Amino acid sequence: MVGGWYGYQHFIQPSVRQEQQVKRVEKRHVKLVAVGDSLTYGQGDEKKNGGYVGIIKQKIQDKYKKTSVSTANYGISGDRSDQILARLNKQAEMRKDLRNADVIIMTVGGNDLMQTLEKDIMMQSQAKIQSSINQAQGIYENKLNQLFTAVRKENKHAPIFVMGIYNPVYTYFPDVAAINDSINQWNQATRSVTKKYSKMHFVSIYKVMSYGQYQTKAQRQQLIQQEEKVNHGKVQQSQLLSIMSNKDRNLNEYISTEDNFHPNNLGYQHMASQLFKSMVKYDSWEYVRK
């Protein structure tokens, strides 16, 4: 079982005899608490199954046959990191669920970045865009620290999996560096902050969700060649609005035609798969000691 480090580091003393005496069994019940924005809420999921939350629940139960999973979903569309924190501070039920969680999942950061990109993406100067993103990043990291600290205050033991963000319009503007670079920088900021906290793990969904069905380098290169003839490395706000409102043209099969922005059910399945790959590496939420 991958993830055996948990038992060795936390439960088992160096003696071989003691190692042999320790047994781990699957938990009968796992409480999964999801906190975040529209990706946690499940916006765009045409099956109305709660997006990745409903899918990850089933994945756990399929792998661990003796385990039942209950979920609490605290995702709200449009929330920035500070707004998620404000809800946590106000909602006693949310804090109670976090205290009782065996595993915590979070999506955060997309709306924080959008707040900056919406203002700055029209800048013609890449240097000015970069300067604005750098300034916003520092503010975001401070907010993220406050949020993570508050969550850890409620639960010091459950592993926390924080999913990154993706570029929902990559397939339309693969050559627009201002968008791609900003999102990659934002993900790196989130990853960096998660490393400061015990049992907190960053889960990247950038490649699978941004590239959609264009997962090979050759496929993406062909896409870039097609689109750069039209975009010339730039994007106008009117183009973005047109894409999000056009339900008849969708270049990413993992994105919902509802808004050409959020994942559809297939997209949430891919998100859940990336999440589960990370989760099975750590068994502090899967097993109890006997």
Side-chain angles (χ1 to χ4, degrees), residues 32-41 43 51-53 56 72-91 94-95 97-99 101 103-121 129-168 179-207 209-210 262-263 271 274-275 278-279 282 285:
L32 185 150
V33 178
V35 176
D37 48 31
S38 57
L39 296 183
T40 291
Y41 173 76
Q43 187 168 338
Y52 78 84
V53 178
I56 202 69
N73 190 328
Y74 290 97
I76 297 291
S77 295
D79 264 12
R80 301 183 307 272
S81 54
D82 56 319
Q83 293 171 315
I84 298 172
L85 175 60
R87 282 196 288 120
L88 188 155
N89 289 333
K90 291 179 181 179
Q91 297 179 12
M94 184 177 178
R95 295 194 299 274
D97 278 333
L98 284 170
R99 285 195 295 272
V103 58
I104 300 167
I105 315 295
M106 299 181 68
T107 59
V108 61
N111 294 304
D112 296 75
L113 179 58
M114 283 297 295
Q115 190 176 49
T116 299
L117 283 180
E118 286 176 348
K119 296 183 296 183
D120 300 337
I121 199 63
I129 296 175
Q130 187 63 58
S131 176
S132 181
I133 292 294
N134 289 344
Q135 183 178 2
Q137 178 185 331
I139 297 171
Y140 169 62
E141 289 178 348
N142 287 334
K143 291 180 178 180
L144 208 56
N145 271 307
Q146 293 176 40
L147 174 60
F148 290 170
T149 298
V151 172
R152 266 289 171 244
K153 180 181 177 182
E154 301 300 328
N155 191 319
K156 294 179 172 59
H157 308 292
I160 302 174
F161 297 89
V162 182
M163 284 194 274
I165 61 175
Y166 62 95
N167 182 354
I179 300 177
N180 297 325
D181 293 348
S182 297
I183 292 173
N184 285 323
Q185 180 175 338
W186 216 249
N187 277 328
Q188 186 55 45
T190 303
R191 185 193 296 270
S192 177
V193 176
T194 61
K195 289 181 178 179
K196 299 178 181 178
Y197 295 82
S198 172
K199 297 183 185 178
M200 185 175 288
H201 315 287
F202 179 83
V203 180
S204 176
I205 60 171
Y206 178 85
K207 290 182 179 179
M209 289 304 303
S210 299
H262 292 92
M271 282 178 59
Q274 293 300 111
L275 171 61
S278 182
M279 291 179 71
Y282 309 97
W285 61 275

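Note that these values count all heavy atoms, side chains included, but never hydrogens, waters or copies made by symmetry. These figures come from a predicted structure and were not determined experimentally.
- With values rounded to the nearest 0.5 angstrom, N187 atom CG is found 12.0 Å from S192 atom OG.
- The backbone N or O of L98 sits less than 3.5 Å from a side-chain atom of N155, completing a donor-acceptor pair.
- Using a 4.5 Å heavy-atom threshold, the side chains of M279 and P159 count as separate.
- The 12-atom threshold is exceeded at CD of Q91, counting heavy atoms of other residues, nucleotides or ligands nearer than 6.0 Å.
- Scanning both residues, L88 and A150, for their nearest heavy atoms gives CD2-CB, 4.2 Å.
- With a 4.5 Å cut-off on side-chain heavy atoms, I56 and M271 do not count as touching.
- Between A34 and V53, the closest heavy-atom pair is CB-CG2, 3.7 Å.
- For the residue pair A72 and D97, the shortest heavy atom distance occurs at CB-OD2, 3.6 Å.
- In this structure, the separation between OG on S204 and CD on Q188 is 10.0 Å, given to the nearest 0.5 Å.
- Residues forming a side-chain contact (heavy atoms from CB on, under 4.5 Å) with N111 (at least two apart in sequence, or on another chain): D37, R80.
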After noting the C-alpha distance and the side-chain angles of L39 and M163, does the key distance pass the side chain to side chain contact (heavy atoms under 4.5 Å, CB included) rule?
CA-CA 10 Å; L39 296 183; M163 284 194 274; over 6 Å; no
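- Y41 and S77 get closest at one heavy-atom pair: CD2-OG, 3.6 Å.
- Between the side chain of D112 and the backbone N or O of S81 there is at least one donor-acceptor pair closer than 3.5 Å.
- Using a 30° and 60° split on the angle between ring planes, Y140 and W186 fall in the parallel class, below 30°.
- Residues in residues 144-160 take part in these salt bridge (charged side-chain N to carboxylate O under 4.0 Å, His left out) pairs, two or more places apart or across chains: R99-E154.
- Put simply, CD1 on I165 and CG on N184 are 9.0 Å apart, with the number rounded to the nearest 0.5 Å.
- Between the side chains of E141 and N145, no donor-acceptor pair of N or O atoms lies under 3.5 Å.
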**Study point:** Steps toward side chain to side chain contact (heavy atoms under 4.5 Å, CB included) verdict (L275, I105)
**Key:** CA-CA 9 Å; L275 171 61; I105 315 295; 4.0 Å; yes
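- T149 and Y197 form a side-chain donor-acceptor contact under 3.5 Å, judged by distance and modelled atom types alone.
- When all heavy atoms of H262 and S38 are compared, the pair lying nearest together is NE2-OG, 2.8 Å.
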- Query: Do I133 and L113 pass the side chain to side chain contact (heavy atoms under 4.5 Å, CB included) test, and can you show the C-alpha distance, the side-chain angles, and the key distance before you say yes or no?
  - Reply: CA-CA 8 Å; I133 292 294; L113 179 58; 3.9 Å; yes
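- Side-chain atoms of Y52 and T40 include a donor-acceptor pair closer than 3.5 Å.
- Side-chain contact between T116 and S132: present, with at least one pair of heavy atoms (C-beta onward) separated by less than 4.5 Å.
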* To do: Check step by step if side chain to side chain contact (heavy atoms under 4.5 Å, CB included) holds for V35 and M94.
  => CA-CA 9 Å; V35 176; M94 184 177 178; 3.5 Å; yes
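- With rounding to the nearest 0.5 angstrom, the OG1 atom of T194 is 7.0 Å from the CE atom of M200.
- Closest approach of P263 and Y166 over heavy atoms only: CD-OH, 3.1 Å.
- Note that CZ of R95 is 10.5 Å distant from OH of Y74, once rounded to the nearest 0.5 Å.
- To the nearest 0.5 Å, atoms CG (D82) and CG (N142) are separated by 12.0 Å.
- Heavy atoms of other residues, nucleotides or ligands lying less than 6.0 angstrom from CZ of F148 number more than 12.
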